[in-house]
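Small disclaimer: the values here were computed from a predicted structure and weren't measured.
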There are 2 protein chains.
Amino acid sequence: MLSERQRMILSAIVDDYIRSAEPVGSRSISKRGDVSFSPATIRNEMADLEELGLLEQPHTSAGRIPSIKGYRYYVDHLIRLGGIGEQDMMKIRAFFAEKMNLWEEVVGHAATILSQLTNYTSIVLGPEMFNTTLKHFQLVPINESSAVAIIVTNTGHVEHRTVSIPEGIGMDDIQKIVNLLNDKLSGVPFIKVKSVLHSEIGEELGRFVDRCEQILDMLEKTLADDAEPKVFLSGATNIMTQPEFKDVDKVKSILDMLEETPKLMQLFQAVPEGIQVRIGTENPVEAINQCSLITATYSYEGQSLGTIGILGPTRMDYGKVISLLDYLSKDMALFMARWYK
Amino acid sequence: MLSERQRMILSAIVDDYIRSAEPVGSRSISKRGDVSFSPATIRNEMADLEELGLLEQPHTSAGRIPSIKGYRYYVDHLIRLGGIGEQDMMKIRAFFAEKMNLWEEVVGHAATILSQLTNYTSIVLGPEMFNTTLKHFQLVPINESSAVAIIVTNTGHVEHRTVSIPEGIGMDDIQKIVNLLNDKLSGVPFIKVKSVLHSEIGEELGRFVDRCEQILDMLEKTLADDAEPKVFLSGATNIMTQPEFKDVDKVKSILDMLEETPKLMQLFQAVPEGIQVRIGTENPVEAINQCSLITATYSYEGQSLGTIGILGPTRMDYGKVISLLDYLSKDMALFMARWYK
DNA sequence: GTTAGCACTCAATTAATGCGAGTGCTAATC
DNA sequence: GATTAGCACTCGCATTAATTGAGTGCTAAC
């Protein structure tokens, strides 16, 4: 579809613009070593590329900048993945060599590293719980009317929640319940816990204690909203170092979006496995229509565990970020595999 | 020290400047109902107030703005606490009426409410753990070499941590350890856990299992960094709505500071009980030398549990925020008292 | 097909100008 | 003696005008 020369020129423009944030003109392209045509020739090609919708002109007497479609073509066909630098690799290695003893810590720390390495904003989701199994359940009474319910998964993830105990249930009842639940629920995948709770345990629980419905109710609620993965953000302010975001209002709408978890989740809706690039208006959230989001999923035994995302300007360094995410998500998967053992 | 008229004028200037963010001139003060002097008279007083260091002039032909010292005088002597509005009170009541089942949820949600009501940034610290006692300890093995250690306090707070189990320790050993620890540590205040661990339990543990040192070590580490309170932020971007923070760089340094927990903690260092106002350079962190921080502590039975802070421009609405914090911190204390029961 | 040449465009920079809010001082007034 | 009207003065800010320069599109020559 595009001639070889057009591809070269488009590539050169995108590269230059990513570096400089300035519209790039025919002369500066011509002066690069890799494209040996006169400015006039390049101008002609640029006009063609603009007609194809791959480039645009901020105003008549300025150079060209890539359009969304231009970035898309670049990412799909022209990008060269150079792999990641020695230093970056060292830092990632050092990170995974660290001893961490909280899952949240791993994911949160990964977000920090990523934002530091890229100088963009990193958003890490995870880990998802639905393919984990229940390992241990515990009810710790705090006073007469409330207790702390604790759930431990096979992955070492802990969720807890204060629950109120229905009146008329004593300590020994609670112990019975806990024992029963541990018996029946150990090893049960998280998604199935709810149905097992009803089908198998309901009747049996009725034998031990009255008011079993209330207890089931409570348990269900306890389990209900643990499904949604947690969000870890880092380097949210990095966007401010970009020259195209010198305007406070633009930045505010982005940061506001990042503070709102539901919007953030929307952003990650339907992210496919592997690496995905969403450029500008390809994103489903208006606030970041001038940004690009690159995501990578990390998984364990074929099951997706979570998602790592880098949010930057549309003019972001796609090659570097994609390489980095590819590398890190694979390392992350390895790390998780070791973690699960 | 200041004449009644000077106090009126200073008060009027601070009030006006807080509203408008513009240097206020003699004429506009004169036109207010409450100060019935001619602009010329007011100008003379303003010159005096400037000499006293309470006002300053951005440039010769501009009005006056309060200096840090001016704000300080205003907060200490002139401020009128109008109490809080009907609507705000309703929202706070509604908030505390909600059923929440995680301590983190309470504190986090309180931060959200506060930032919404004030349109400033809210920072809530807490809850501190050192006057809570240990209620329950549990070790849940995940696989041969690691387990999850869970600690529940009498306040329903849960901390957990993945720990590796020293080799050669079996399931029954673990059960013994857990039982022993629960026996000995239940009801022990958190700060004393460490010493009790050494003095009372060390020897006894030795009887049951070898390698007790390694286990003690692990436990100690588990307890070590739970002391530091968690930080909940909300409305971090609100600062951007202030006209004096239209500059991205100023905003960035503030938001960067907020992202760094250690710096944040430094900000709250040595905050006294009750309500405290820190204006501009009175703050120990440079990034917010153009901001004011108002803090209130909330406590239970005389023991401070945590701190609520509002960060805004020096030109913030001190009266409103102080009233609000006063009200909310008291309600928070009541809520906590009910929580503890 | 490629390129040199040239007229043309238009944002960004700089300089000049006028405006107006506000001051400080002085002299008149209460 | 305190207050105020009057007035010259200052200085930031907004507007306009002039200048610059990077970059284009087109045409004609190579």
Side-chain angles (χ1 to χ4, degrees), chain A residues 2-10 12-17 19-67 70 243-244 246-247 315, chain B residues 2-10 12-17 19-67 70 243-244 246-247 315:
Chain A
L2 292 191
S3 72
E4 188 54 34
R5 194 166 70 189
Q6 283 176 318
R7 294 157 59 100
M8 277 174 68
I9 290 173
L10 178 56
I13 290 175
V14 175
D15 281 341
D16 266 26
Y17 185 63
R19 259 196 317 97
S20 70
E22 308 265 290
V24 356
S26 53
R27 233 176 85 86
S28 64
I29 296 289
S30 166
K31 273 196 288 196
R32 289 170 53 121
D34 52 348
V35 186
S36 53
F37 295 95
S38 78
T41 310
I42 292 172
R43 277 204 290 281
N44 286 328
E45 296 286 26
M46 275 159 87
D48 289 349
L49 288 170
E50 186 171 357
E51 236 165 60
L52 289 170
L54 297 170
L55 295 180
E56 41 195 44
Q57 235 176 339
H59 53 88
T60 328
S61 70
R64 302 302 207 292
I65 62 175
S67 66
E244 57 265 62
K246 278 290 160 225
D247 178 35
R315 189 188 59 75
Chain B
L2 292 191
S3 73
E4 188 54 33
R5 194 165 71 188
Q6 283 177 319
R7 293 157 61 101
M8 276 174 68
I9 290 173
L10 178 56
I13 290 175
V14 175
D15 281 341
D16 264 27
Y17 186 63
R19 258 196 318 96
S20 69
E22 307 266 291
V24 355
S26 53
R27 230 175 87 86
S28 64
I29 295 290
S30 167
K31 271 196 288 196
R32 287 170 55 121
D34 52 348
V35 186
S36 52
F37 294 94
S38 79
T41 310
I42 293 171
R43 276 205 289 283
N44 285 329
E45 296 286 25
M46 276 158 85
D48 288 350
L49 287 170
E50 186 171 358
E51 237 165 59
L52 289 170
L54 298 169
L55 295 180
E56 40 195 44
Q57 235 177 340
H59 53 86
T60 329
S61 71
R64 303 300 208 292
I65 64 175
S67 67
E244 57 264 61
K246 278 291 160 226
D247 178 35
R315 189 187 59 75

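Axis orientation changes by 20° from one end of the helix from dG1(C)-dC30(D) to dC30(C)-dG1(D) to the other, with each end axis drawn from 5 pairs and the value rounded to 10°.
Listed here is the closest heavy atom pair of V35(A) and A12(A): CG2-CB, 4.5 Å. For the residue pair G70(B) and L10(B), the shortest heavy atom distance occurs at O-CD2, 4.4 Å. Between V24(A) and I13(A) the shortest heavy-atom distance is CG1-O, 3.7 Å. The two residues I65(B) and Y17(B) come nearest to each other via the heavy atoms CG2-CE1, 3.5 Å. Taking each heavy atom of E45(A) and S3(A) in turn, the nearest pair found is OE2-OG, 4.4 Å. Closest of all the heavy-atom pairs between Q57(B) and A62(B) is NE2-O, 3.2 Å.
Extent of DNA chain C lying under 4.0 Å from chain A heavy atoms, first and last nucleotide in 5' to 3' order, is dT2(C) to dA11(C).
In this structure, the separation between CD1 on I42(A) and CD on Q6(A) is 12.5 Å, given to the nearest 0.5 Å. We find the CD1-OG distance between I29(A) and S38(A) to be 13.0 Å, quoted to the nearest 0.5 Å. Distance NZ/K31(A) to OG/S36(A): 15.5 Å, rounded to 0.5 Å. Note: L2(A) CG to I9(A) CD1 = 10.5 Å, rounded to the nearest 0.5 Å. Atoms CG and CG, from L49(B) and N44(B) in turn, are 11.0 Å apart once rounded to the nearest 0.5 Å.
Across residues 24-32 of chain A, G25(A), S26(A) each have a non-hydrogen atom less than 4.0 Å from an atom of DNA chain D (numbered order). Near DNA chain D, defined here as any heavy-atom distance below 4.0 Å, the residues from residues 34-58 of chain A are R43(A), M46(A), Q57(A), listed numerically.
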Please tabulate the protein-to-nucleotide N/O contacts below 3.5 Å involving nucleotides 28-30 of chain D, giving atom names and distances.
none

Which atom pairs link the protein and nucleotides 14-18 of chain D when you take only N or O atoms and keep those under 3.5 Å?
none

Each nucleotide N or O in nucleotides 9-11 of chain D that has a protein N or O under 3.5 Å away: list the pair and distance.
residue, atom, partner, partner atom, Å
dT10(D), O2, S61(B), OG, 3.4
dC11(D), OP1, T60(B), OG1, 3.2
dC11(D), O4', S61(B), OG, 3.3
dC11(D), O2, S61(B), OG, 3.0

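Residues satisfying the salt bridge (Lys or Arg N to Asp or Glu O under 4.0 Å) criterion with E56(A), sequence neighbours excluded, are absent altogether. Partners of D16(B) according to the side-chain hydrogen bond (donor to acceptor under 3.5 Å, both in side chains) rule, which considers only residues two or more places apart in sequence or in another chain, are R19(B), R32(B). Under the side-chain hydrogen bond (donor to acceptor under 3.5 Å, both in side chains) criterion, T60(A) pairs with no residue at all, not counting sequence neighbours.
Applying the salt bridge (Lys or Arg N to Asp or Glu O under 4.0 Å) test to pairs two or more places apart or on separate chains, those with a residue in residues 46-55 of chain A are E50(A)-R64(A). Evaluation of the side-chain hydrogen bond (donor to acceptor under 3.5 Å, both in side chains) test over residues 20-30 of chain B, restricted to residues two or more places apart or in two chains, returns S26(B)-R43(B).
Computed from coordinates, the E4(B) CD to dA2(D) P distance equals 18 Å when rounded to whole Å. D16(A) places its CG atom 11 Å from the P atom of dG23(D), with the value rounded to the nearest Å. Taking atom OH of residue Y17(A) and atom P of nucleotide dA22(D), one finds them 19 Å apart after rounding to whole Å.
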